[in-house]
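Take a look at the structure below.
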Amino acid sequence: MLTVHSTTHGRITMKRTLLIGIFAATWLQGCLPEKAEQDTQNTPPDAGDDIRICSFADGNGDELVTHKSANSAEEWLFIDSMSSASADIELDEDDLVGAFAVTSFIGPSLTDAFSGLNIFYACTSDVYALNQCNWEQVDTENNETLKVETVLGGGDAYTTTVSLDEGDGFETQIVLDGVLTDLGNLTIMFYDNGVVDVTRTATRSSNGTETVTYASAETNWTATETAGCSGSIDFDSSEDGETVTLDASWSLSGTTTSGSLEYFKTGLDSTYHLTW
């Protein structure tokens with residue numbers, strides 16, 4: 001699982017490290033400002049709505065809170081219960097297949113943790129009022145220039161393009177499609193050599209149901225959680241003739257989760273089942 005998942009992840013990590021390094025200089029210079037019912041209509045919240053979501057407690061990154069109050073315009077979307085669910089699983093020491101299964105379960109959470117870095121490129125109402133979400137930063141030491149360009153459309157929808165010039169002209173690194181007043185509904189496309197490599201799509205409904213989907217040539221997964229911190233993930237990956245699939249679901253009771261998963265990897269005689 002790690003080998004399969006890390007190919008795409010590695011490229012993203014290196015690229016983001018470079019971009020965020022440049023952004024840090026921009027920030028210092030002041031260039032930027034500062035269990036619920038299933039929503040069958042998938043209706044997004046209104047602009048700036050105070051909504052209820054599943055999230056970690058403020059000041060305590062280990063404790064999940066159900067129906068936590070959040071502002072739809074300001075709250076980045078993570079599937080927080082997924083990382084808690086994977087951490088709650090206890091295995092027998094000799095359960096090697098189970099270890100691979102849990103690793104596959106943890107992988108998407110680790111990958112998605114990097115998505116929060118891209119909040120610096122998301123166009124919000126405050127940033128748009130400051131500079132229309134268009135800015136540029138030159139790194140003279142490394143002869144690199146980072147450029148962020150935004151086009152605003154109808155209904156406050158926008159497209160932001162992040163490009164990097166390393167001396168051979170600007171090349172697109174990231175494209176974000178979102179709405180000024182809603183950080184919970186956002187699509188991010190990561191590019192590699194001018195071609196979309198990975199697409200992250202996040203959606204948040206007015207009832208607090210949150211979904212993240214990753215799509216690439218090798219790895220695809222969708223994770224969902226409700227405001228009550230129940231959730232699920234459907235994961236599949238295929239590279240070099242090896243296929244990995246994982247289906248898991250969980251719910252929160254008190255401070256711990258319980259759930260079940262099914263895992264299969266090329267070479268196994270049958271699907272592995274686990275409950276916790």
Side-chain angles (χ1 to χ4, degrees), residues 2-34 76-78 107-153 156-180 183 186-202 212-221 237-240:
L2 290 177
T3 301
V4 174
H5 195 73
S6 62
T7 302
T8 300
H9 182 203
R11 291 195 297 265
I12 297 172
T13 302
M14 291 186 289
K15 189 175 297 179
R16 290 180 182 173
T17 300
L18 178 58
L19 295 179
I20 297 303
I22 296 177
F23 169 79
T26 303
W27 181 269
L28 292 174
Q29 294 178 31
C31 294
L32 291 179
E34 321 162 295
W76 191 264
L77 195 159
F78 289 113
S109 296
L110 296 178
T111 297
D112 202 43
F114 285 93
S115 71
L117 300 176
N118 295 284
I119 194 172
F120 300 126
Y121 305 121
C123 190
T124 65
S125 297
D126 289 342
V127 181
Y128 191 82
L130 178 69
N131 56 21
Q132 289 72 58
C133 300
N134 289 281
W135 53 276
E136 188 172 301
Q137 176 63 32
V138 178
D139 181 357
T140 55
E141 182 177 347
N142 294 308
N143 191 32
E144 297 171 347
T145 301
L146 179 70
K147 180 166 61 176
V148 177
E149 301 173 290
T150 299
V151 177
L152 187 65
D156 288 335
Y158 71 87
T159 296
T160 293
T161 302
V162 181
S163 303
L164 184 67
D165 182 1
E166 299 176 288
D168 298 323
F170 283 100
E171 183 176 303
T172 298
Q173 306 292 301
I174 303 171
V175 173
L176 301 89
D177 287 329
V179 180
L180 291 182
L183 268 179
L186 181 68
T187 296
I188 310 175
M189 291 162 281
F190 302 97
Y191 283 70
D192 185 26
N193 293 322
V195 178
V196 177
D197 189 35
V198 178
T199 299
R200 178 191 190 264
T201 303
V212 171
T213 296
Y214 268 74
S216 71
E218 298 166 350
T219 301
N220 297 273
W221 57 268
S237 181
S238 181
E239 184 180 14
D240 298 330

Legend entry - Pairwise distance OG1(Thr160) to CG(Asn134) - rounded to 0.5 angstrom: 7.5 Å

Legend entry - Separation of Leu176 CG from Asn118 CG (nearest 0.5 Å): 6.0 Å

Inset, instruction - Mind checking the CD-CG spacing from Glu141 to Asn143? Nearest 0.5 Å is all I need. - result: 11.0 Å

Inset, instruction - Evaluate the side-chain proximity of Asp165 to Lys147: yes if any heavy-atom separation is below 4.5 Å, no if none is. - result: no

Legend entry - Side chain to side chain, Asp192 and Val198, heavy atoms closer than 4.5 Å: no

Legend entry - Minimum side-chain heavy-atom gap Trp76-Leu186 below 4.5 Å: yes

Inset, instruction - Would you check if Tyr214 and Thr219 make a side-chain contact, meaning some heavy-atom pair closer than 4.5 Å? - result: no

Legend entry - Spacing of CG belonging to Leu164 relative to CD belonging to Glu144, to within rounding of 0.5 Å: 5.5 Å

Inset, instruction - For residues Arg200 and Asp112, determine if any side-chain heavy atom of one lies less than 4.5 Å from a side-chain heavy atom of the other. - result: yes

Inset, instruction - List for me each residue that meets side-chain hydrogen bond (donor to acceptor under 3.5 Å, both in side chains) alongside Thr199, sequence neighbours excluded, and say none if there are none. - result: none

Legend entry - Results of side-chain hydrogen bond (donor to acceptor under 3.5 Å, both in side chains) for Thr159 - residues two or more places apart only: Asp177

Inset, instruction - Dump the intermediate steps for side-chain contact (heavy atoms from CB on, under 4.5 Å) on Ser216 and Phe190, then the final yes or no. - result: CA-CA 10 Å; Ser216 71; Phe190 302 97; over 6 Å; no

Inset, instruction - Show your working on side-chain contact (heavy atoms from CB on, under 4.5 Å) between Val148 and Phe120 and close with a plain yes or no. - result: CA-CA 10 Å; Val148 177; Phe120 300 126; over 6 Å; no

Inset, instruction - Quick one: pull up CZ in Phe170 and CD in Glu149 and give me the separation to the nearest 0.5 Å. - result: 7.5 Å

Legend entry - Pairing residues for Thr161 by the side-chain hydrogen bond (donor to acceptor under 3.5 Å, both in side chains) criterion, not counting sequence neighbours: none

Legend entry - Closest approach of Thr150 to Cys133 (non-hydrogen atoms, all atoms of both residues): OG1-O, 2.6 Å

Inset, instruction - Please round to the nearest 0.5 Å and tell me the distance separating atom OG of Ser163 and atom CD of Gln173. - result: 7.5 Å

Legend entry - Counterpart residues, side-chain hydrogen bond (donor to acceptor under 3.5 Å, both in side chains), relative to Ser109 (two or more places apart): none

Legend entry - Distance-minimising heavy-atom pair for Leu183 and Ala122: CD2-CB, 3.7 Å

Legend entry - Which residues share a side-chain contact (heavy atoms from CB on, under 4.5 Å) with Leu180, sequence neighbours left out: Cys123, Ser125, Tyr128, Leu152, Asp156, Tyr158

Inset, instruction - Apply side-chain contact (heavy atoms from CB on, under 4.5 Å) to the pair Phe78 and Val212, showing each step before the final yes or no. - result: CA-CA 8 Å; Phe78 289 113; Val212 171; over 6 Å; no

Inset, instruction - Determine, stepwise, if the pair Asp139 / Leu146 fulfils side-chain contact (heavy atoms from CB on, under 4.5 Å). - result: CA-CA 8 Å; Asp139 181 357; Leu146 179 70; over 6 Å; no

